[in-house]
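Notes follow once the structure below has been shown.
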Amino acid sequence: MLHLRVIVPAERSQAVVDLLSTDPAVTHVVVLPGAAKVPPGDLVLCDVVREGADGVLVALQKLGVDKDGGIAVEGVDTTLSTAADRAGRAAPGLGTDAVVWDEVARKTGEETRLSATYLLLITLATIIAGIGVLLDQPILIVGAMVVGPEFGPLAALSVALVRWRPPIIRRSATALVVGFLVAMAVTVLSTWVLTSADLIDREMLLAERPLTDFIWRPDALSWVVGFLAGVAGMLSVTSNKSGSLVGVLISVTTVPAAANVAVALAYNVPSEAIGSALQLLINLAAIVLAGVLTLLVQRLWWSRITASRRSWADRLGGPVVPHGSGRASRRPAPSPGTADPAVPAIRDDDRSAV
């Protein structure tokens, strides 16, 4: 369940209220006339089940609410309401399977900024992984995988490719390239500093490392693991299951591979540097490809679910409309050439904002 806070100009308020009131996925509609000050307008509150949220957000944007007012979306953890239960039954599919595209785009888009925090996190993760590589300690490698923030730009890149948003594609690619280059450069320097302090040495890299040598020896399974991790990661993002994302981060050899490249360059071991770089590229490509394919399948699958639901509603005589008694009823389809009373009309002065 999602909670919507909508600020809408007063002259368009009734159209928004009609839209929300006649959508079976929406419930708990509240209207506060003139409550909004900046921007000015009416405040409309409602709850919408996840499986119907994307359609509602698209409809609100077609009415120009995002341009002349505002739409805020918040998650609702617990709802005790018969009306909410009815909305969940009336909407197609399941909430955990639904993709709210605006939510996913905003969530992943925030991860494309080349911020100081992002650079610091990826650098710290790479340094930790570099030490783990030399000590042959998987626990340090796992810790570095969890700290690394690189999945954010990877997810944003996948979403931007599916929705074809070139600016976000450029920002995501820049965050990945610059982030890894800065992290590897600092890791090379830290390796030299730790070596001069006699804490580590070149022999540790050249010694047998049975627990971590997979990092610089990529094979077919590297692609398989990266691809599966990309699918799981994108599903965790679209379904808002952050707990699953932790497991994804632990399974992907991106930061450890970058760390092994840096350490190998610091000690002039080109064979390991090349192998680790290949491992890094394989995992990055596999994750992005998996993310794109996962989103495409979700979009196709969900469009078929909604189309099937609309067809089912049409066969029963029209879309589901909340009845005054609180029960969902069937409204007869309007005759040809007759305006549908349940669909908000857009006046001529509103069309310019759409």
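Just so you know, residue 1 is the first one in the sequence shown, and it goes up from there.
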Inset, instruction - Test side-chain hydrogen bond (donor to acceptor under 3.5 Å, both in side chains) on Thr254 and Asn283 and set out the steps. - result: CA-CA 6 Å; Thr254 49; Asn283 278 273; over 6 Å; no
Inset, instruction - Give, for atom CE of Met234 and atom CG of Leu154, the distance between the pair rounded to the nearest 0.5 Å. - result: 8.5 Å
Inset, instruction - Kindly say whether Leu63 contributes a backbone atom to a donor-acceptor pair with the side chain of Arg12 at under 3.5 angstrom? - result: yes
Legend entry - In one Ile/Leu/Val/Met/Phe/Trp/Tyr side-chain cluster, 4.5 Å: Leu124, Leu176: no
Inset, instruction - Using a strict 4.0 Å threshold on nitrogen-to-oxygen distance, state whether Arg217 and Asp213 make a salt bridge. - result: yes
Legend entry - Shared hydrophobic cluster for Leu140 and Leu280 (ILVMFWY, side-chain gaps under 4.5 Å): yes
Inset, instruction - Determine, for Glu51 against Arg89, whether the closest basic-nitrogen to carboxylate-oxygen distance falls under 4.0 angstrom. - result: no
Inset, instruction - Would you name the heavy atoms of Ala25 and Gly52 that are closest together and state the gap between them? - result: CB-CA, 3.8 Å
Inset, instruction - Measure the CG-NZ distance between Leu57 and Lys62 for me, rounded to the nearest 0.5 Å. - result: 12.5 Å
Legend entry - Backbone N/O of Leu205 and side chain of Tyr267: donor-acceptor pair under 3.5 Å: no
Legend entry - Closest contact, heavy atoms only, Val147 versus Leu121: CG1-O, 3.8 Å
Legend entry - Donor on one side chain, acceptor on other, Thr27 and Asp47, under 3.5 Å: no
Inset, instruction - Please confirm whether the backbone N or O of Gly233 pairs with a side-chain atom of Ser236, one donor and one acceptor, at under 3.5 Å? - result: yes
Legend entry - Separation of Leu211 CG from Asp136 CG (nearest 0.5 Å): 4.5 Å
Legend entry - Rounded distance (nearest 0.5 Å) linking atom CZ of Arg209 with atom CG of Leu135: 10.5 Å
Inset, instruction - Please confirm whether the backbone N or O of Cys46 pairs with a side-chain atom of His3, one donor and one acceptor, at under 3.5 Å? - result: yes
Legend entry - Distance in Å, Thr112 OG1 paired with Arg170 CZ, rounded so as to fall on 0.5 Å steps: 11.5 Å
Inset, instruction - Without swapping roles, check the side chain of Asp42 against the backbone of Ser13 for a donor-acceptor pair under 3.5 Å. - result: no
Legend entry - Side chain proximity check, Val44 to Leu20, heavy atoms < 4.5 angstrom: yes
Legend entry - Check: Asp18 main-chain N/O paired with Ser21 side-chain donor or acceptor under 3.5 Å: no
Inset, instruction - Grab the two heavy atoms, one from Leu134 and one from Met204, that are nearest each other, plus how far apart they are. - result: O-CE, 3.6 Å
Inset, instruction - Measure across Ile287 and Ser158 and return the closest heavy-atom pair with its distance rounded to 0.1 Å. - result: O-OG, 4.3 Å
Inset, instruction - Quick one: closest heavy-atom pair of Val16 and Val65, and the distance? - result: CG2-CG2, 3.8 Å
Inset, instruction - Mark yes or no for whether Ser222, through its side chain, and Asp219, through its backbone, hold a donor-acceptor pair below 3.5 Å. - result: yes
Legend entry - Ser81 side-chain N/O to Ala83 backbone N/O, donor-acceptor pair under 3.5 Å: yes
Legend entry - Same apolar cluster (I L V M F W Y, side chains within < 4.5 Å links), Val8/Leu32: no
Legend entry - Heavy-atom pair of closest approach, residues Val133 and Pro256: CG2-O, 4.4 Å
Inset, instruction - Answer yes or no: is there a donor N or O on one side and an acceptor on the other, between the side chain of Ser172 and the main chain of Ile169, under 3.5 Å? - result: no
Inset, instruction - Consider only side-chain N and O atoms of Gln279 and Asn260, and report whether a donor and an acceptor are under 3.5 Å apart. - result: no
Legend entry - Spatial distance of atom CZ (Arg163) from atom OG1 (Thr108) [nearest 0.5 Å]: 8.5 Å
Legend entry - Side chains of Arg5 and Leu43 in contact at under 4.5 Å (non-hydrogen atoms): yes
